[in-house]
There are 2 protein chains.
Amino acid sequence: MAPSEQQPTIKEVARLAGVAPSSVSRALNDHPDVSPEMRARVMEAAEELSYQPDFLAQSLRLGSTRTIGFIVRDISNPLFAGIVKGAEQELESHGYSILLMNSLGDPMLDAKHIGVLRQRRVDGFILSLQSETNSETLRVLKNQSTPVVLLDREIKGVATDAVLFDHSTGVAEATSTLLKLGHRKINFIVGSAETRGSRDRLKGFQSAYAAFGIESLDDVVIEVGSYSRDFGFEATKMLLEREDPPTAIIAANSQIGVGTLAALNEHGLRHGEDVSLIICDDVELLRLMDPPVSVVARDAEKMGTVAAELLLARLEEPDSPMRSVVLPTFYVHRGSTVAPRSSDGRSGKRTPTAARAIRRS
Amino acid sequence: MAPSEQQPTIKEVARLAGVAPSSVSRALNDHPDVSPEMRARVMEAAEELSYQPDFLAQSLRLGSTRTIGFIVRDISNPLFAGIVKGAEQELESHGYSILLMNSLGDPMLDAKHIGVLRQRRVDGFILSLQSETNSETLRVLKNQSTPVVLLDREIKGVATDAVLFDHSTGVAEATSTLLKLGHRKINFIVGSAETRGSRDRLKGFQSAYAAFGIESLDDVVIEVGSYSRDFGFEATKMLLEREDPPTAIIAANSQIGVGTLAALNEHGLRHGEDVSLIICDDVELLRLMDPPVSVVARDAEKMGTVAAELLLARLEEPDSPMRSVVLPTFYVHRGSTVAPRSSDGRSGKRTPTAARAIRRS
DNA sequence: CTGAAAGCGCTTACAG
DNA sequence: CTGAAAGCGCTTACAG
């Protein structure tokens with residue numbers, strides 16, 4: 001069979017079956033008032049032409065595209081890839097498809113992309129926004145009534161469903177583990193504190209300190225511009241060159257963590273030996289490093305699945321109360337978390353000679 | 001401003017401007033025969049209502065959705081995430097959006113998803129298919145005339161544009177490096193040989209052997225069911241338990257490679273010490289392992305960009321000759337590639353006691 | 001240069 | 001139960 005030049009339309013099916021287009025539509029859409037004979041004739045003709053209704057025309061007529069706009073910061077980040085995968089599976093099983101766009105670290109692109117997707121008449125949005133405060137994004141979000149599920153973001157003034165991670169608990173576990181091991185010079189490298197994830201992680205970090213009776217956290221939290229490898233790298237280098245370098249580092253996500261590992265490497269230091277290390281987000285390779293890297297784990301796909309469920313429920317019942325689902329995070333202890341060199345809790349005062357030598361070479 | 005209940009339509013703009021809808025359309029679409037006054041009045045009214053034409057209605061009318069169907073095997077695989085990212089950026093800058101679907105290792109889903117996307121009237125496809133031979137996929141592909149760009153696949157009987165990786169060269173470099181170092185027991189763990197990627201990698205592997213004057217490759221190539229971590233893990237375990245275990249392993253992609261690392265780990269063996277290791281596909285963490293893992297690198301985003309360019313060109317000129325673009329791969333030498341334990345080329349005959357002990361504990 | 005009409009491919013009240 | 005008509009929101013020949 002040669003490729004058909006054109007997709008057959010409902011008219012052609014109607015002509016072949018010898019009935020009206022409206023009857024074809026009713027028969028195919030299981031309308032109750034259709035005689036068995038009509039149904040049979042239509043089915044046969046539709047089969048014969050392998051007719052598929054034009055989704056576009058249906059969308060225009062029905063006012064629903066069964067399409068969800070999904071904006072992520074960067075699909076090449078495994079976290080977002082996992083979320084998208086989870087959401088796609090759930091949505092697909094309900095006849096919805098995903099239009100995917102990347103905002104690539106530019107908050108202005110969030111607003112722009114929302115506009116593009118709105119023009120494409122998506123039925124809903126799942127948004128992993130860059131910023132919670134960008135005024136342009138807020139304006140665009142407020143000026144539209146399409147359902148939105150926010151991922152790990154809370155935006156005041158915009159009522160939406162949301163899926164959030166409980167970063168706090170996992171980071172608190174991680175931090176208190178380090179404190180119990182005797183670490184007193186822990187640095188926490190976090191992305192921009194503008195976002196919920198950062199704030200929540202900080203909360204966990206601070207609560208662990210508070211539970212330990214330590215209140216002041218000067219110079220302990222290192223806020224870098226964004227959750228990127230390069231910022232993690234630079235921040236770590238800066239920390240290692242301090243008079244009083246950390247005995248432990250917590251990296252607030254895997255990009256930063258990779259940067260931290262690279263910086264340790266460059267300084268000739270070993271994680272889990274010279275410096276304890278905990279990275280937020282699990283990646284199998286972290287488990288295979290020597291020693292394996294402790295992590296604060298979370299389930300990305302689950303976030304996607306839940307987001308899709310919330311959105312589907314919202315499309316069913318637009319006026320039901322908004323919901324926020326909080327997913328857990330948990331600390332996974334591995335070999336990179338050890339007692340500091342001198343277990344009295346003060347800095348091990350290790351000689352940086354080896355590191356220097358390597359860096360000079 | 002409260003969220004508008006409805007998007008304004010062209011009729012409302014026409015009413016506000018006091019002109020006909022057709023004039024609004026012409027003014028907004030830069031039709032030449034529009035008076036300056038008309039243009040101004042329309043622009044003002046459109047601005048006032050912040051009118052955006054309904055993309056759906058335009059699509060139906062114009063017969064083009066400016067939407068590309070993108071099917072990947074698994075978006076959570078960083079390789080595909082990178083490809084999608086590259087393609088999305090290129091397409092977006094030309095006003096196209098991506099409908100993304102995952103086939104999740106099920107070749108039947110490829111065919112089904114192509115159908116779904118066709119019904120959604122995508123203007124073109126970028127396909128990272130599961131199988132080159134699945135009859136259902138082939139049937140669906142042949143029965144449609146929408147432009148397709150295939151990623152790293154060659155399907156006989158279906159004329160399409162394609163972007164391919166030259167896996168062969170990179171693997172040949174890797175293999176001959178191992179051979180030159182004295183390895184004679186190299187195992188190559190590859191996914192299903194049904195796909196071009198596997199065939200091309202094998203070609204490189206064999207050509208390196210041939211250049212070395214070795215022809216017979218019995219028991220050297222290990223074909224596993226698919227490019228998955230678990231298959232890599234099982235295959236490696238099996239190899240390590242052979243009478244005559246390999247002194248070097250090449251893993252045909254990063255999933256398999258992770259499985260290989262995990263299996264080495266379980267056997268208490270170290271890569272780059274007990275067994276040389278080269279993994280096809282680069283991931284930054286591989287560079288940070290101890291020792292860093294050698295890889296055969298390729299540029300995923302580039303594949304996406306090129307695929308988008310080919311597709312856009314095809315949409316411009318449907319009848320131009322089909323093109324295949326081949327992207328390079330190259331071997332990156334790192335610490336995991338070393339001479340075998342006994343450098344005469346025969347197996348180091350290491351005692352597996354340590355490994356056994358660990359596995360029993 | 002402008003407007004009224006037709007039509008993209010559907011679905012659904014509305015008659016009968 | 002079935003068909004003719006209207007309409008979703010656009011664009012584009014076609015008149016004028």
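Quick note on labels: first sequence line is chain A, next is B, and so on, each numbered from 1.
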Undergrad: Does A/Ser59 have any side-chain hydrogen bond (donor to acceptor under 3.5 Å, both in side chains) partners at least two apart in sequence or in another chain, and if so, which?
TA: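 If we apply the side-chain hydrogen bond (donor to acceptor under 3.5 Å, both in side chains) test to A/Ser59, skipping adjacent residues, there are no hits.
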
Undergrad: If you look at every strand shown and take non-hydrogen atoms under 4.0 Å, does A/Phe55 touch a base, only sugar-phosphate, or nothing?
TA: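 Nothing: the residue A/Phe55, judged by heavy atoms under 4.0 Å, touches no strand.
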
Undergrad: Looking at DNA chain D, which of residues 18-40 of chain B put a heavy atom within less than 4.0 Å of it?
TA: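 When residues 18-40 of chain B is checked for heavy atoms under 4.0 Å from DNA chain D, the hits, listed by number, are B/Ser22, B/Ser25, B/Arg26, B/Asn29.
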
Undergrad: If the condition is salt bridge (charged side-chain N to carboxylate O under 4.0 Å, His left out), which residues does A/Lys302 pass it with, not counting sequence neighbours?
TA: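 Testing A/Lys302 for salt bridge (charged side-chain N to carboxylate O under 4.0 Å, His left out), a comparison that skips the adjacent residues, returns none.
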
Undergrad: The criterion is salt bridge (charged side-chain N to carboxylate O under 4.0 Å, His left out); which residues satisfy it with B/Arg121, sequence neighbours excluded?
TA: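 With sequence neighbours excluded, B/Arg121 shows a salt bridge (charged side-chain N to carboxylate O under 4.0 Å, His left out) to A/Asp54, given in chain and number order.
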
Undergrad: For A/Asp106, what residues pass the side-chain hydrogen bond (donor to acceptor under 3.5 Å, both in side chains) criterion, not counting sequence neighbours?
TA: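 Applying side-chain hydrogen bond (donor to acceptor under 3.5 Å, both in side chains) to A/Asp106 gives none.
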
Undergrad: Cut-off 3.5 Å, no hydrogens considered: what does the side-chain donor-acceptor table look like for residues 33-40 of chain B, sequence neighbours left out?
TA:
| unit_1 | atom_1 | unit_2 | atom_2 | d |
| --- | --- | --- | --- | --- |
| B/Ser35 | OG | B/Met38 | N | 3.1 |

Undergrad: Tell me: OH of B/Tyr51 to C1' of D/dT11, nearest whole Å?
TA: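 After rounding, the gap between these two atoms is 10 Å.
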
Undergrad: Each nucleotide N or O in nucleotides 6-8 of chain D that has a protein N or O under 3.5 Å away: list the pair and distance.
TA:
| unit_1 | atom_1 | unit_2 | atom_2 | d |
| --- | --- | --- | --- | --- |
| D/dG7 | N2 | A/Arg61 | NH1 | 3.2 |

Undergrad: Determine the minimum heavy-atom distance between A/Asp123 and A/Thr146, stating which atoms define it.
TA: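 Nearest pair, atom of A/Asp123 first, then A/Thr146: O-CG2, 3.2 Å.
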
Undergrad: Can you tell me the distance, in whole Å, between the CG atom of A/Leu56 and the P atom of C/dC10?
TA: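 My rounded result for the distance is 10 Å.
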
Undergrad: Apply salt bridge (charged side-chain N to carboxylate O under 4.0 Å, His left out) to B/Asp74 and list each qualifying residue two or more places apart in sequence or on a separate chain.
TA: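 With neighbours one apart ignored, the set is A/Lys85.
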
Undergrad: Report the distance from atom CZ of B/Arg15 to atom P of D/dC10, rounded to the nearest whole Å.
TA: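 Answer to the nearest Å: 13 Å.
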
Undergrad: Please identify each residue that fulfils side-chain hydrogen bond (donor to acceptor under 3.5 Å, both in side chains) with A/Glu136, with sequence neighbours left out.
TA: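 Here the qualifying residues are A/Arg139.
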
Undergrad: For A/Ile10 and C/dG9, give me the distance from atom CD1 to atom P, rounded to whole Å.
TA: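 The answer, rounded to whole Å, is 11 Å.
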
Undergrad: Restricting to side-chain hydrogen bond (donor to acceptor under 3.5 Å, both in side chains), what partner residues turn up for A/Glu88, sequence neighbours left out?
TA: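 For A/Glu88, the residues satisfying side-chain hydrogen bond (donor to acceptor under 3.5 Å, both in side chains) (neighbours in sequence not counted) are B/Asn102.
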
Undergrad: Counting just side-chain N and O atoms, does A/Gln58 come under 4.0 Å of either OP1 or OP2 of C/dG9?
TA: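 No, no such contact exists.
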
Undergrad: Would you write the dot-bracket representation of DNA chain D, where each base gets (, ), [, ], | or . depending on whether it forms a Watson-Crick or G-U pair under 3.5 Å and with which partner?
TA: |||.||||||||.|||

Undergrad: Only counting residues at least two apart or in another chain, list the ones meeting ring pair (Phe, Tyr, Trp, His ring centres under 6.0 Å) with A/Phe165.
TA: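 Expected list: A/His167.
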
Undergrad: So, A/Ser131 versus A/Asn134: side-chain donor-acceptor pair below 3.5 Å or not?
TA: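 Per modelled atom types, A/Ser131 and A/Asn134 side chains form no pair under 3.5 Å.
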
